[in-house]
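Report on one structure; see the data block that follows.
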Amino acid sequence: MAILLILTVFLPLIGAIVLMASSKLDARRARAIALGFVVATLALSLVLLSGFAPGKLGPQFGFEHGDGSFGFPWMGPLGVRFALGIDGVSLWLFVLTSLLMITAVFSSWESIKDRAATHYALLLALQTGLLGLFASLDVVLFYIFFEFTLIPLFFLIGLYGGPERRRASVTFFLYTLAGSLLTLLGVIALVGVHYQYTGILTFSLPQLTSGLATLPWDGWFSATSWTSPQVLIFLLLFAGFAIKVPMFPFHTWLPLAHVEAPTAGSILLAGVMLKVGGYGLFRFNLSMTPLGAEFLFPLLAGLSVIGILYGALAALAQTDVKRLVAYSSVSHMGFIVLGLFSLNGTGMDGAVIQMLNHGVTTGALFACVGVVYERYHTREMAEIGGLWNWSPLWAFFIILASLGSAAVPLLNGFVGEFPILLGMYRRSPVHAVLAAVGMVLGAYYLLWMLQRVVFGPLKEPNPHTHDAHANEVAADAHGNDAHGHGSTVRPIGWHEIAGLSPLMVLIVVIGVYPKPFFDRLRPAVTPVVANIAAEQERAKQVTSPSHPLMTKAAIPPSIRSARPASSASTPPPPRGISL
Amino acid sequence: MPVNAPVLFDFIHLAPEIILSLWGLFVVMIDVALLRRRSSATRGRILGVMSIIGALAALASIYLPDMMDLGHAASNVEESLFQGTILGGLLVERLTALLLILLIFVIALSTTWDLTEHWGEYYALLLWATVGMILLIASEELLTLFLTLEMMTICLYIVTAFEKDQRRSAEGGLKYFVYGSVSSALFLFGLSLLYGLTGTTRLAAIGLALAPAHTSIGLVGNVAGAMAVLLVLVGFGFKISAVPFHQWAPDAYEGAPAPVSAWLATGSKLASIVALMKVLVQALGPWAHGVNDISSPGWVGIVAVISALTMTYGNFAALAQKNLKRMLAYSSIAHAGYMLVGVLAVVVGAGKSAAGPVLFYLVVYSAANIGAFSIAAWLYRDKGTDQIEDLNGLGLKYPILGMCVLLLMLSLIGLPGLAGFWGKFFMFSEALSQGDDRHKLTFLWLVGLGLMNSVISAFYYVRVLRAMFLRPSTGRPLQAPTLTIRLAVIGSAAVALIFGLYPQPLSTETDAMAESRIFITPSRPAELLSVSPVRVVPRPNASDDTRLRAGPIGGGPSAPPEPTPVPDSRAK
């Protein structure tokens with residue numbers, strides 16, 4: 001099984017190399033090859049899913065050795081290892097990636113004609129990046145995959161996107177890179193702290209997590225000011241992940257990138273890339289520096305709630321369907337982050353399952369929007385309407401996805417957002433109530449969107465105006481606008497049905513019977529929650545007035561000299577002897 | 001072995017330098033004597049091939065001592081040659097090999113277009129500049145250091161201005177020369193002060209003379225010493241184009257023919273950084289900073305400020321550039337800033353292998369720059385300009401080269417999975433793990449600044465990628481690249497990718513190189529101050545866990561693990 005995991009991660013990359021090497025391939029063959037690789041990867045992921053033992057603690061399929069290390073040595077003296085493995089949290093994101101990839105390939109089935117081989121190669125390369133990222137058990141490996149995902153997306157947006165694609169791709173690339181370098185600094189700081197106090201130089205995620213939880217250094221467990229080590233490192237790590245999520249003040253890249261990206265790019269961006277932020281927050285911030293989250297709670301919860309409300313209000317103001325879905329992502333990701341920062345089991349369970357849910361529903365919504373855009377070359381809600389009359393099946397898809405996204409009970413969104421609100425309510429009722437308002441707003445903009453686009457008399461854009469528009473838009477990116485227009489628009493194709501149906505099934509299944517999902521992710525969430533409680537307990541001991549750390553004179557010299565650089569209260573250094 | 005008499009042994013170890021020097025003369029003579037009637041392009045090609053043969057011969061001759069089995073297997077012992085003025089051994093051998101390989105690429109690139117009529121002189125100057133670089137790395141003594149530095153730069157002044165029909169070439173060369181000669185004068189003055197203060201020109205002996213007690217006190221109250229340090233830093237700052245001594249670099253890089261720019265950015269910088277590291281660590285170590293306080297007067301503070309200024313200014317200035325070579329010039333200024341962080345880590349740190357990451361970075365950086373400048377050469381050959389916008393659409397027209405440039409640019413940004421990332425990662429983590437907590441605070445700021453600068457640098461590197469991949473091609477399309485350009489680009493991309501995915505072989509190698517000599521703590525001062533033609537010190541087993549161990553080296557039983565060299569009592 002462990003070999004299977006490595007194979008699953010790198011199978012798409014093989015596909016990408018094959019397609020890249022034969023870049024002259026025509027669109028038909030290229031898409032067939034890409035579909036083959038994507039389906040094979042999904043099949044392998046499902047085998048992994050079936051082989052996953054629900055109740056087991058710790059990562060699975062990871063070549064575990066007796067000493068608690070995973071994988072194979074990669075950079076000897078540094079202790080960096082090539083270690084892959086998945087636990088309950090990464091499992092679902094892993095499977096989600098494989099599944100959404102199929103939707104992505106199907107949604108570019110007809111729309112990508114030029115340079116198709118490169119397009120599919122980029123998609124497959126992106127898949128390897130995402131799968132590897134979720135399966136990494138080594139921080140360096142994680143970081144490599146984390147940054148690697150930027151490159152295919154840069155080209156996907158920049159080469160196949162809408163009219164503003166160059167600006168969108170460069171903005172996206174630089175914005176994310178800026179954040180992730182701060183994250184790198186945070187990761188180095190984590191490894192450094194761990195090395196300094198335990199004497200073990202390790203980059204292994206499980207080892208770092210457990211080592212930092214029981215660090216023999218009391219200063220680590222006192223998070224009382226902005227310069228406390230856990231708070232500082234939390235902020236560094238947070239910078240990269242908050243941009244990825246994106247949280248409220250860092251979300252500005254998202255609408256641009258989502259709107260300009262080709263449909264497949266949007267599906268993966270919203271469906272999986274945003275989850276990378278949530279996953280990183282869970283894996284690093286909450287697992288390794290929970291006291292930082294505790295200390296910064298007012299700020300973090302406040303930003304999340306602002307994000308929820310702001311995203312919802314901004315979505316209400318949009319006239320472009322794709323832009324509306326993009327802003328709805330800002331709002332829904334706010335829920336996920338809110339659930340994570342509730343720091344209790346209920347909220348975090350909800351947040352993790354909500355990552356899966358949001359991937360499924362938003363992926364479906366973007367795919368539905370893509371279907372319309374491919375035919376009408378517009379996404380303006382004023383220009384289209386009554387599409388129920390064009391294709392009832394498509395209408396069914398988008399309605400179900402919207403209802404799932406709006407957290408209607410018995411559909412998947414409810415299963416995620418209800419525990420999130422419950423967990424948050426236990427922690428801070430005010431934030432929970434405000435977030436619930438966001439939920440109502442969410443239902444509002446989604447239903448309003450449905451009303452304008454799906455219901456009413458059929459309204460299709462004037463063929464003359466949008467032909468000109470289409471020519472201009474598609475001139476060098478798509479190059480194909482030879483569809484018939486008017487009342488005889490091409491009906492929804494088999495490939496689009498095939499791409500959307502699995503998502504629809506998941507929306508209902510998770511909504512009706514979420515137990516198998518929770519069963520698998522809970523063993524991964526529980527230790528993190530337990531660790532948070534333990535660290536809070538330890539923090540209380542450390543900061544109690546009787547503790548030696550609070551009385552400065554009593555600090556033993558060993559601790560004093562071992563104080564980290566980030567601590568602001570370094571004693572004044574002895575003066576040099578002057579001549 | 002008789003003292004004061006250079007023996008065959010010494011000369012055999014200098015074989016690469018000797019071969020290159022003679023070969024330069026040979027190339028000039030062939031050009032003048034046999035090829036007079038040929039066209040310029042033909043002569044360029046023939047002489048280029050000949051120069052490459054010379055460089056290859058020099059490359060082979062590095063292993064001459066091994067082959068002749070002189071009793072000292074060169075990779076197992078330290079040798080100082082010519083009464084300790086020139087260093088042999090692993091570090092010099094490997095760096096010589098690296099320089100020669102880079103030189104071969106530079107010579108190959110020179111044949112891309114007909115940049116001059118005086119091919120013989122051109123190649124000879126390139127070869128002689130290389131001799132200067134190799135000896136600069138190997139020099140163990142101030143006078144040799146100065147002479148080799150001048151040998152390198154004077155040759156480079158001339159080749160910079162070699163494209164005589166181009167105004168900017170002459171301008172660049174003149175600026176390089178004027179700035180260079182002033183800084184050389186200041187540098188020489190600094191060296192004379194050092195000699196006056198210590199009475200010796202040997203690097204290691206200076207280090208000993210400066211540390212009379214068991215504590216080092218930095219430069220507190222020492223005006224003459226501070227003067228000497230500043231002047232030495234001016235000299236080196238010019239060579240590595242550190243801010244504020246960088247003004248020549250953009251003009252010279254832009255004006256010089258692309259292969260020469262590549263040689264300025266790689267060979268010259270590489271040799272100067274290694275020499276700077278040697279001088280700072282071996283000779284001026286005691287003046288680094290006061291007792292246990294990194295911010296007390298000493299050159300650590302100065303170098304830290306220079307480093308911060310250099311990387312920040314270089315990156316911000318590069319943002320505004322539209323010319324590819326000029327942008328690369330500013331980017332190479334910024335990279336010098338990063339490397340100075342690494343140099344500081346060597347000095348403050350206790351481990352000899354701390355220099356390993358800097359050497360790693362130098363290798364990776366040099367390889368990437370050769371690739372980048374060969375793209376500039378390609379542009380210039382077909383379009384006569386080297387603006388970034390001339391790259392438009394190139395990546396889609398030549399997908400393989402496009403991919404390679406993509407790798408190079410991402411490696412220069414420092415994206416993980418590529419060699420540039422490991423360079424920065426090793427160097428910055430080395431910096432962060434050095435010294436005690438008060439040092440860490442300084443380094444934390446520098447490293448944080450370095451990472452921020454990497455983000456800024458992404459803006460202009462991505463601009464190259466945007467031009468190549470996202471914009472439609474404009475104007476006259478480029479002809480297919482020559483074989484040499486292909487080789488240079490693909491080769492340097494391969495370095496970025498291979499050492500990006502598996503950096504361990506290179507990092508082990510650079511650690512072993514650093515370990516072999518650069519941070520030697522003089523442990524037997526009596527012997528060192530007297531004349532010792534050949535010092536044979538067994539090297540520790542290189543397969544040890546070099547990064548984590550901070551033990552003494554050099555065979556001396558009393559070699560202390562402190563960051564600054566402390567002589568034992570026999571020094572007095």
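FYI, side chains are in, hydrogens and waters are out, and symmetry mates aren't considered; it's all heavy atoms of this structure. Numbered from 1 within each chain, the chains take letters A, B, ... in sequence-line order.
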Taking atom [atom1] of [X] as the centre, report whether more than 12 heavy atoms of other residues, nucleotides or ligands fall under 6.0 Å from it.
| X | atom1 | result |
| --- | --- | --- |
| A:Phe10 | CZ | yes |
| B:Met227 | CE | no |
| A:Met20 | CE | yes |
| B:Ile498 | CD1 | no |

pair [X]-[Y]: side-chain heavy atoms closer than 4.5 Å:
| X | Y | answer |
| --- | --- | --- |
| B:Phe425 | A:Ile188 | yes |
| B:Leu470 | A:Arg165 | no |
| B:Leu410 | A:Glu147 | no |

Review point. Given the options B:Val447, B:Leu465, B:Val462, which has more heavy-atom pairs under 4.5 Å with chain A than any of the others?
Key: B:Val462
Check your understanding: In terms of heavy-atom pairs under 4.5 Å, which option from B:Gly417, B:Pro416, B:Gly448 contacts chain A the most?
Key -> B:Pro416
Quick one: what part of [X] sits under 4.5 Å from any heavy atom of chain A, side chain, backbone, both or neither?
| X | answer |
| --- | --- |
| B:Arg463 | neither |
| B:Ile400 | neither |
| B:Leu406 | side chain |

Value rounded to 0.5 Å, distance of [atom1] in [X] from [atom2] in [Y]:
| X | Y | atom1 | atom2 | value |
| --- | --- | --- | --- | --- |
| B:Leu407 | A:Ile151 | CG | CD1 | 8.0 Å |
| A:Phe154 | B:Arg466 | CZ | CZ | 8.0 Å |
| A:Phe173 | B:Phe459 | CZ | CZ | 10.5 Å |

Study note, to complete from the structure: If you tally heavy-atom pairs under 4.5 Å between each of A:Val140, A:Leu181, A:Leu174 and chain B, the highest tally belongs to A:Leu174
Practice item. Begin with the C-alpha distance, continue with both residues' side-chain angles, and end with the deciding distance and a verdict on side chain to side chain contact (heavy atoms under 4.5 Å, CB included) for A:Leu177 and B:Ile413. Key: CA-CA 10 Å; A:Leu177 188 69; B:Ile413 295 175; 3.8 Å; yes
Practice item. Kindly assign one of parallel, tilted or perpendicular to the pair A:Phe155 and B:Phe469, based on the angle between their ring planes and the thresholds 30° and 60°. Key: perpendicular
Between [X] and chain B, with a heavy-atom cut-off of 4.5 Å, which part of the residue counts as in contact: side chain, backbone, both or neither?
| X | value |
| --- | --- |
| A:Ser180 | neither |
| A:Leu141 | neither |
| A:Leu236 | neither |

Revision key, fill the gap. Heavy atoms of A:Arg166 and B:Pro472 approach each other most closely as NH2-CD, 3.6 Å
Check your understanding: After noting the C-alpha distance and the side-chain angles of B:Leu415 and A:Phe148, does the key distance pass the side chain to side chain contact (heavy atoms under 4.5 Å, CB included) rule?
Key -> CA-CA 8 Å; B:Leu415 223 63; A:Phe148 175 74; over 6 Å; no
Exercise for review: For side chain to side chain contact (heavy atoms under 4.5 Å, CB included), just list the numbers for B:Val455 and A:Tyr175, CA-CA rounded to whole Å, side-chain angles, deciding distance to a tenth of an Å, and then say yes or no.
Suggested key: CA-CA 9 Å; B:Val455 178; A:Tyr175 218 124; over 6 Å; no
Exercise for review: Using side chain to side chain donor-acceptor pair (under 3.5 Å) as the criterion, list what pairs up with B:Asn315, not counting sequence neighbours.
Suggested key: B:Tyr338, B:Asn453, B:Tyr460
